Amino acid sequence: MIAEIGEVPALPEVQPFADNWSYLKAELAWLDRVLMRSLAKQRQTNQEVDRVAKSAVDRSTSHWWKGFIAIDPSKGGSLAPKQLPQIPHPLGRYGDRLAASRDNNIRLAIPTLCNRLELGQFERDLLILCLAPEISRRYEKLYAFLNNDESNCKQPTVDLALRLFCRSDGEWRNARNTISATSPLIKRKIIQLYLPVNSTAQSLLAKAMLLSEKAATYLLSEDLPIESVIPKPRTSKTKRKG
């Protein structure tokens with residue numbers, strides 16, 4: 001049927017995710033884009049450090065001064081294009097499709113967990129970052145390179161997560177607070193923090209993040225109830241006096 005002149009064309013109907021696996025594949029595609037940008041940036045920085053550093057001491061202390069290196073866009077650097085501010089969907093990335101999936105009773109594990117624990121965008125991204133090595137071991141190699149320290153840790157560190165997902169000092173400060181001992185993901189042991197064996201550091205930033213086995217199983221499943229990772233609270237029974 002041909003639309004009449006002046007008639008506004010109908011917008012295409014938003015398609016829900018077919019299942020939990022389809023949703024995870026979309027999130028991994030997003031994560032891949034984030035990681036590739038970070039890889040390119042780190043390679044460029046390492047090349048600048050190698051060019052300027054004159055000794056092993058220079059290289060080991062490069063984290064102090066490499067931020068002052070001005071990279072000329074004409075020599076391989078790049079300037080971030082200005083983007084118009086976008087109004088985020090209340091449900092975050094893929095929000096329209098998440099809403100359509102919910103309306104069609106299609107269970108998506110990560111959105112369900114985030115809704116139950118009232119998690120924010122950064123915490124959702126943490127789940128995807130930590131779940132990725134449970135899907136493909138190639139992420140272990142990427143994380144080992146991007147961690148950029150002596151530990152050669154194949155799990156994402158707190159520092160890496162903050163560098164990947166925070167775009168300002170304010171976001172960095174707020175995000176760091178969500179990895180405290182009292183935050184839902186840590187308190188419920190969904191994500192476990194530990195210092196890598198080869199690390200000599202003791203800071204929170206140096207700690208690696210590991211998704212618990214039961215959480216990984218739930219996030220990858222199609223039909224496990226959320227109670228498999230978040231047990232229902234116990235109800236206390238009061239004794240009757242008689």
Side-chain angles (χ1 to χ4, degrees), residues 24 27-50 53 56-67 110 113 119-167 171-220 229:
L24 289 177
E27 291 288 21
L28 288 180
W30 165 82
L31 179 62
D32 284 348
R33 294 192 293 271
V34 174
L35 293 176
M36 291 306 106
R37 287 196 298 267
S38 185
L39 280 170
K41 181 178 179 180
Q42 185 156 311
R43 286 196 183 102
Q44 187 179 58
T45 300
N46 289 347
Q47 289 173 358
E48 290 295 316
V49 170
D50 291 340
V57 174
D58 286 341
R59 289 185 175 85
S60 65
T61 59
S62 63
H63 61 286
W64 285 353
W65 51 266
K66 66 185 178 184
I110 287 180
L113 179 63
L119 303 180
Q121 176 180 326
F122 178 77
E123 293 161 301
R124 178 199 59 194
D125 294 345
L126 281 185
L127 290 171
I128 297 162
L129 186 69
C130 294
L131 181 63
E134 300 289 343
I135 298 174
S136 173
R137 292 198 64 188
R138 73 183 181 90
Y139 290 100
E140 294 178 346
K141 297 179 180 180
L142 291 174
Y143 295 163
F145 178 79
L146 289 173
N147 283 329
N148 198 28
D149 58 22
E150 78 285 356
S151 68
N152 196 34
C153 180
K154 295 182 179 180
Q155 294 294 322
T157 59
V158 172
D159 175 65
L160 176 58
L162 295 173
R163 283 191 282 119
L164 288 176
F165 304 142
C166 298
R167 296 167 295 178
E171 286 188 6
W172 189 95
R173 293 195 304 270
N174 292 333
R176 191 183 187 281
N177 291 334
T178 66
I179 315 178
S180 66
T182 57
S183 62
L185 291 178
I186 308 302
K187 184 177 181 180
R188 292 180 176 272
K189 298 181 179 180
I190 294 172
I191 291 179
Q192 301 167 357
L193 300 178
Y194 69 95
L195 284 171
V197 176
N198 298 327
S199 176
T200 58
Q202 296 294 321
S203 67
L204 173 64
L205 295 181
K207 290 186 177 181
M209 301 181 294
L210 179 66
L211 195 66
S212 70
E213 185 175 346
K214 68 177 182 179
T217 301
Y218 165 73
L219 296 179
L220 290 170
V229 68

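Quick caveat, the model's predicted, so the values are computed rather than measured. Heavy-atom basis, side chains included; hydrogens, waters and symmetry copies ignored.
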* Asked: Would you say Tyr143's side chain and Asn152's backbone share a donor-acceptor pair under 3.5 angstrom?
  -> no
* With sequence neighbours left out, what residues match Phe165 under ring-ring contact (aromatic ring centres under 6.0 Å, His included)? -> Trp30
* Check Trp172 against Leu205 and note the closest heavy-atom contact, atom names and distance. => CZ2-CD2, 4.0 Å
* Using side-chain hydrogen bond (donor to acceptor under 3.5 Å, both in side chains) as the criterion, list what pairs up with Glu140, not counting sequence neighbours. => Arg137
* To do: Would you please name every residue forming a salt bridge (Lys or Arg N to Asp or Glu O under 4.0 Å) with Asp149, sequence neighbours left out?
  => none
* Looking only at heavy atoms, what is the nearest atom pair of Ala215 and Ile190, with distance? -> CB-CG2, 3.8 Å
* **Heavy-atom donor-acceptor pair, Glu134 side chain to Leu131 backbone, under 3.5 Å** => no
* To do: For the pair Asn147 (side chain) and Gln155 (backbone), establish whether a donor and an acceptor sit closer than 3.5 Å, ignoring hydrogens and angles.
  => yes
* Heavy-atom side-chain proximity of Leu119 to Leu127 below 4.5 angstrom -> yes
* To do: Work out which heavy atom in Met209 is nearest to a heavy atom in Thr157; give both atom names and the distance.
  => CE-O, 3.6 Å
* Structure fact -> The side-chain hydrogen bond (donor to acceptor under 3.5 Å, both in side chains) partners of Arg176 (sequence neighbours excluded) come to none
* To do: Would you give the length of the straight line joining atom CG of Leu210 to atom CG of Leu193, rounded to the nearest 0.5 angstrom?
  => 9.5 Å
* Could you pull out all residues at least two apart from Asp32 that satisfy side-chain hydrogen bond (donor to acceptor under 3.5 Å, both in side chains)? => Arg138, Tyr139
* **Partner residues of Thr182 under the side-chain hydrogen bond (donor to acceptor under 3.5 Å, both in side chains) criterion, sequence neighbours left out** => Ser180
* Glu150 side chain to Thr200 backbone, donor-acceptor under 3.5 Å -> yes
* **Nearest heavy atoms of Ala144 and Lys154, plus distance in Å** => CB-CG, 4.3 Å
* **Reported CD1-to-NZ distance for the pair Ile179 and Lys207, which is rounded to 0.5 angstrom** => 11.0 Å
* Asked: For the residue pair Phe122 and Cys166, what are the closest heavy atoms and their distance?
  -> CE1-SG, 4.3 Å
* **Working for side chain to side chain contact (heavy atoms under 4.5 Å, CB included), residues Ile186 and Thr178** => CA-CA 9 Å; Ile186 308 302; Thr178 66; over 6 Å; no
* Residues Thr217, Val229; criterion side chain to side chain contact (heavy atoms under 4.5 Å, CB included); working and verdict -> CA-CA 9 Å; Thr217 301; Val229 68; over 6 Å; no
* Structure fact -> When rounded to the nearest 0.5 Å, the distance separating CD of Glu123 from CG of Leu129 is 13.5 Å
* **Distance, nearest 0.5 Å, that separates CG of Leu126 from OG of Ser183** => 9.0 Å
* Chi angles and distances behind the side chain to side chain contact (heavy atoms under 4.5 Å, CB included) call for Arg173, Leu162 -> CA-CA 9 Å; Arg173 293 195 304 270; Leu162 295 173; over 6 Å; no
* Quick one: do Phe145 and Ser38 satisfy side chain to side chain contact (heavy atoms under 4.5 Å, CB included)? Show the steps, please. => CA-CA 10 Å; Phe145 178 79; Ser38 185; over 6 Å; no
* Side chain proximity check, Cys130 to Pro156, heavy atoms < 4.5 angstrom -> yes
* Asked: So which heavy atom on Ala132 is nearest to which on Leu28, and how close?
  -> CB-CD2, 3.9 Å
